[in-house]
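I have placed the structure first, in the form of structure tokens, so that the comments after it can refer back to it.
Naming convention: chains lettered A, B, ... in sequence-line order (proteins, then strands); numbering from 1 in each chain. Being a predicted model, the structure only gives us computed values, none of them experimental.
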Number of protein chains: 2
Amino acid sequence: MVSVAEDRIFKALADPSRRAIFESLTRGEAAVKDLTARFDISQPAVSQHLTTLKDAGLVKDRREGRCAYYRVEPRGIKPLIDWIAHHRVFWAEHLGRLEQLLEKMDP
Amino acid sequence: MVSVAEDRIFKALADPSRRAIFESLTRGEAAVKDLTARFDISQPAVSQHLTTLKDAGLVKDRREGRCAYYRVEPRGIKPLIDWIAHHRVFWAEHLGRLEQLLEKMDP
DNA sequence: CCTAAATATAAGTGAACACTTATTGATTAT
DNA sequence: ATAATCAATAAGTGTTCACTTATATTTAGG
């Protein structure tokens, strides 16, 4: 009855530091060292958060020499969208807003 | 830089029991005793979860005599939708899917 | 009234979690 | 070779968290 993917995603995004890292990655691929420089937590902490995000399917990594580059995996957010969509009651109330959002988007 | 509402919502939905309770409420208002009967956790646990959901703005309560009825607050999901919408990269990839979802919805 | 029902709150407990420092492994540069 | 850089893992720690049982509070019913 409980979706594992769903659970991992919600848990992954529940932490503010992890959300900040994820949001940072939406602005472009970044190496661990870049993220470590950006945030006020240790390098291992960053790596641990990235592993959690990766296990949740929200990011992917790519190794190049000594550096590990992480980027957002856009399809990873699917379970979250599906979860919201499943509860039509919300959408019904927010349909207007949603359409508005869609219009504002680039093609 | 960190939205409190956002944080409360993600944290509230990170727990499977709490998500199950919330999902149950999307099918209609329910009293604490009903939810306690539905799930395999103690009544205090249910009350605590409901308080968390309430603090996150996801549900509202209504007292009638001895019973406390809880219902979903549809506008409560707004910060979550806003968060997703804010990261257009995701939406761009899933625009097709989204439009599909919107079409399937009742007017 | 007095009891039962419904809920919330208090207090305690074990597990999960978000960090830390130390270390290891691997790659690049001198 | 050797040293430096980058990242992951190990291990430890304090806090948060999701439960539990026990208790208090309010309301309904015999």
*asked:* Whether the side chain of A:Gln48 and the base of C:dT20 hold a donor-acceptor pair under 3.5 Å is what I'd like checked.
replied: yes
*Quickly work out the B:Glu64 CD to C:dA6 P distance and round it to whole Å.*
13 Å
*Among C:dC19, D:dC17, C:dT9, find the nucleotide with the atom closest to the side chain of B:Ser47.*
C:dT9
*asked:* With a cut-off of less than 4.0 Å, is there a side-chain N or O of A:Arg63 near OP1 or OP2 of D:dA7?
replied: no
*Taking C-beta and beyond as the side chain, do A:Leu25 and A:Leu35 meet within less than 4.5 Å on heavy atoms?*
yes
*Could you check A:Pro44 against B:Val32 and say which one's nearest nucleotide on DNA chain C is further toward the 5' end?*
B:Val32
*Can you check the B:Arg18 CZ to D:dC19 P distance for me, whole Å?*
8 Å
*Separation of atom CZ in A:Arg8 from atom P in C:dC17, rounded to whole Å*: 12 Å
*Take atom CG of A:Asp55 and atom P of D:dT9, then tell me their distance rounded to the nearest Å.*
10 Å
*Separation of A:Asp61 atom CG from D:dC6 atom C1', in whole Å?*
14 Å
*Which residues pass the side-chain contact (heavy atoms from CB on, under 4.5 Å) test with B:Ala5, sequence neighbours left out?*
B:Ser3, B:Pro79
_Less than 4.0 angstrom between a side-chain N/O of B:His49 and OP1 or OP2 of D:dC19, yes or no?_
yes
*Listed partners of B:Tyr70 passing ring pair (Phe, Tyr, Trp, His ring centres under 6.0 Å), at least two apart*: none
*Of all residues at least two apart in sequence or in a different chain, which pass the side-chain contact (heavy atoms from CB on, under 4.5 Å) check with A:Arg71?*
A:Glu29, A:Lys60, A:Arg62
*Between A:Tyr70 and D:dA8, is there a side-chain N or O to OP1/OP2 distance below 4.0 Å?*
yes
*Give A:Ala45 one of three labels, base, sugar-phosphate or nothing, depending on what nucleic acid heavy atoms sit under 4.0 Å from its own.*
base
*Check the distance between D:dA8's P and A:Tyr69's OH and give it to me in whole angstrom.*
13 Å
*May I ask you to list the residues of residues 35-43 of chain A, by number, that have any heavy atom positioned under 4.0 Å from an atom of DNA chain C?*
A:Ile41, A:Ser42
Only pairs under 3.5 Å count here: list side-chain donor-acceptor contacts from residues 39-47 of chain B, not counting sequence neighbours, and write none if there are none.
| residue | atom | partner | partner atom | Å |
| --- | --- | --- | --- | --- |
| B:Ser42 | OG | B:Ala45 | N | 3.4 |
| B:Gln43 | NE2 | B:Ser47 | OG | 3.1 |

Would you tabulate the pairs of protein nitrogen or oxygen atoms and nucleotide nitrogen or oxygen atoms of nucleotides 3-5 of chain C closer than 3.5 angstrom?
| residue | atom | partner | partner atom | Å |
| --- | --- | --- | --- | --- |
| C:dA5 | O4' | B:Arg66 | NH1 | 3.1 |

*Roughly how many Å is it from CG in B:Leu53 to P in D:dC17, rounded to a whole number?*
14 Å
*Would B:Leu58 and B:Tyr69 show up in the same hydrophobic cluster when neighbours are defined by side-chain heavy atoms closer than 4.5 Å?*
no
*Using the test salt bridge (charged side-chain N to carboxylate O under 4.0 Å, His left out), find all partners of A:Asp7 that sit at least two apart in sequence or belong to another chain.*
A:Lys11, B:Arg19
*asked:* For a quick check of understanding: with a heavy-atom distance under 4.0 Å over all strands, which category does B:Thr51 fall into, base, sugar-phosphate or nothing?
replied: nothing
*Residues two or more places apart in sequence or in another chain: which of them pass salt bridge (charged side-chain N to carboxylate O under 4.0 Å, His left out) with B:Lys33?*
none
*Residues in side-chain contact (heavy atoms from CB on, under 4.5 Å) with B:Thr51, at least two apart?*
B:Asp55
*Give a yes or no answer on whether the side chain of B:Arg18 reaches the backbone of B:His49 with a donor-acceptor pair at less than 3.5 Å.*
no
*Rounded off to whole Å, could you give me the CG-to-C1' distance for the B:Leu50 and C:dA8 pair?*
11 Å
